[in-house]
A.B. asks: 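What follows is a single structure, and I will ask about it in a moment.
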Amino acid sequence: MIRRVTSVLLTVILIGVLIIGVLELPEFGVKESPMNNEVIERYIEGSIEETGSFNVVTAIVLDYRGFDTLIEATVLYTAAIIIITVLMKKAEVRDEKSYSQRS
Amino acid sequence: MKSLILKEVNRISVILIFMFGIYIILHGHLSPGGGFAGGTVLSAGMILYKLVDPENSRRYFSFEIIQKIMATALTVYGSAKGYHILHSLLVEGHETVSKQMTYSILEGGTLVLLNACVGLIVAGTFYVLVSLFMEGEMK
């Protein structure tokens, strides 16, 4: 019972924190919002000369935002490694048994 | 599945799918596509092979090899990106590395290498995820 109440309270607090965070975002569709800056034109006009990539998406993902992609690849790698580590356990146990049988 | 026709057709079609995925990865800086899309195509080929021929796929795409390939790809990605940024900052003075205007694969500079690394990581991850959901557990 106490656990259920605390989980509900924690969820409400988390939702409140997230809503407070979302309220700070700039209004959608306003021209002066900070996401309408000079970066878009720079990407479209200068990406071929600056990066040598004809594909603008590749230029942004791998050149301008290269470290972002590094972290993204790290997340994927971590997910795969965790799945392998957690779920290969039975095979390891089997190997230990065979090792103990051999020795 | 134990159908002989399925296995033989699969052996040919998987090669074609791999070729298509490698094409998408290597042409990532020239045409639509790139590491993520090409890696997904590669993993689709591996998953098809696993569906048709589980025993051989366990031998060819074993998880130890996938682990090693993914770790190497991540290391190479980090080193290449660090070299790229340090080189462009220190040597060329705020200039980016490859200034080419020809429509060719090999003159893409580090972008080809980075795309290949991202493709390998994405392919390994999706293959591991799908084999998790197919078997419930590894091996």
Side-chain angles (χ1 to χ4, degrees), chain A residues 34-103, chain B residues 27-37 39 63-64 66-67 70-71 73-75 77-82 84-85 88 95-104 107-115 117-129 131-133 135-139:
Chain A
M35 68 177 184
N36 290 328
N37 50 12
E38 71 281 355
V39 169
I40 302 169
E41 283 179 17
R42 172 82 181 257
Y43 283 164
I44 292 175
E45 287 168 2
S47 70
I48 292 182
E49 289 133 29
E50 283 180 349
T51 67
S53 162
F54 288 86
N55 187 357
V56 184
V57 177
T58 301
I60 295 172
V61 165
L62 288 183
D63 205 302
Y64 293 112
R65 306 280 162 95
F67 275 115
D68 196 48
T69 311
L70 175 64
I71 305 300
E72 211 174 318
T74 315
V75 168
L76 286 175
Y77 172 78
T78 316
I81 292 300
I82 285 175
I83 287 173
I84 290 176
T85 318
V86 171
L87 295 166
M88 286 284 271
K89 209 176 174 184
K90 278 205 165 177
E92 277 176 21
V93 170
R94 209 182 298 148
D95 282 348
E96 279 172 12
K97 272 181 192 170
S98 60
Y99 280 142
S100 57
Q101 280 170 5
R102 257 180 241 159
S103 61
Chain B
H27 284 245
H29 59 293
L30 302 176
S31 58
F36 288 99
F63 293 113
E64 293 171 5
I66 286 177
Q67 238 171 323
M70 285 173 66
L74 196 62
T75 317
Y77 184 96
S79 330
K81 196 65 206 170
H84 182 162
I85 288 179
S88 54
E95 299 263 330
T96 41
V97 163
S98 58
K99 284 196 172 180
Q100 51 93 25
M101 298 296 284
T102 53
Y103 199 81
S104 138
E107 297 185 18
T110 49
L111 291 179
V112 182
L113 188 63
L114 298 181
N115 256 330
C117 294
V118 171
L120 284 178
I121 292 174
V122 170
T125 306
F126 281 134
Y127 179 70
V128 167
L129 282 176
S131 51
L132 159 73
F133 285 121
E135 301 179 11
E137 64 185 15
M138 309 288 183
K139 242 184 179 181

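Letters A, B, ... are given to chains in the order of the sequence lines, protein chains preceding strands, and every chain is numbered from 1. Values below: every heavy atom of this structure, side chains too, minus hydrogens, waters and symmetry copies.
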A.B. asks: Roughly how far, to the nearest 0.5 Å, is CG of A:D63 from NE2 of B:H29?
C.D. replies: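 Rounded to the nearest 0.5 Å, the NE2-CG separation comes to 12.0 Å.
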A.B. asks: Quick one: closest heavy-atom pair of A:G66 and B:K81, and the distance?
C.D. replies: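 Nearest heavy atoms, A:G66 then B:K81: CA-CE, 3.6 Å.
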A.B. asks: List the residues meeting salt bridge (Lys or Arg N to Asp or Glu O under 4.0 Å) with A:R65, not counting sequence neighbours, and say none if there are none.
C.D. replies: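 In terms of salt bridge (Lys or Arg N to Asp or Glu O under 4.0 Å), with neighbours along the sequence ignored, A:R65 is linked to no residue.
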A.B. asks: Test side chain to side chain contact (heavy atoms under 4.5 Å, CB included) on B:F36 and A:T69 and set out the steps.
C.D. replies: CA-CA 10 Å; B:F36 288 99; A:T69 311; 4.2 Å; yes
A.B. asks: Given heavy-atom pairs under 4.5 angstrom as the criterion, report whether the side chain, backbone, both or neither of B:I121 touches chain A.
C.D. replies: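 For B:I121, the contact with chain A is made by the side chain alone.
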A.B. asks: Working to the nearest 0.5 angstrom, can you tell me the gap between B:L74 CG and A:L70 CG?
C.D. replies: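 One gets 6.0 Å once the value is rounded to the nearest 0.5 Å.
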A.B. asks: Heavy-atom distances under 4.5 Å only: say whether A:I81 touches chain B with side chain, backbone, both or neither.
C.D. replies: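 Answer is side chain: those atoms of A:I81 sit under 4.5 Å from chain B.
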A.B. asks: Taking every non-hydrogen pair under 4.5 Å, which of B:G78, B:A71, B:C117, B:G35 racks up the most with chain A?
C.D. replies: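 Heavy-atom pairs under 4.5 Å are most numerous for B:A71.
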A.B. asks: Between A:T58 and B:G34, is there a donor-acceptor pair closer than 3.5 Å when you use the side chain of the first and the backbone of the second?
C.D. replies: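 Side chain of A:T58 to backbone of B:G34, a donor-acceptor pair under 3.5 Å: no, none is there.
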A.B. asks: Taking all atoms of both residues into account, what is the closest heavy-atom pair of B:T125 and A:L76, and its distance?
C.D. replies: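 B:T125 and A:L76 have their closest heavy atoms at OG1-O, 3.5 Å.
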A.B. asks: Measure the CG-CZ distance between B:L111 and A:F54 for me, rounded to the nearest 0.5 Å.
C.D. replies: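 If we round to the nearest 0.5 Å, B:L111:CG and A:F54:CZ are 11.5 Å apart.
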A.B. asks: Nearest heavy-atom pair of B:N115 and A:L62: which atoms, and what distance?
C.D. replies: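 Reported closest heavy-atom pair: OD1-CD1, 3.3 Å.
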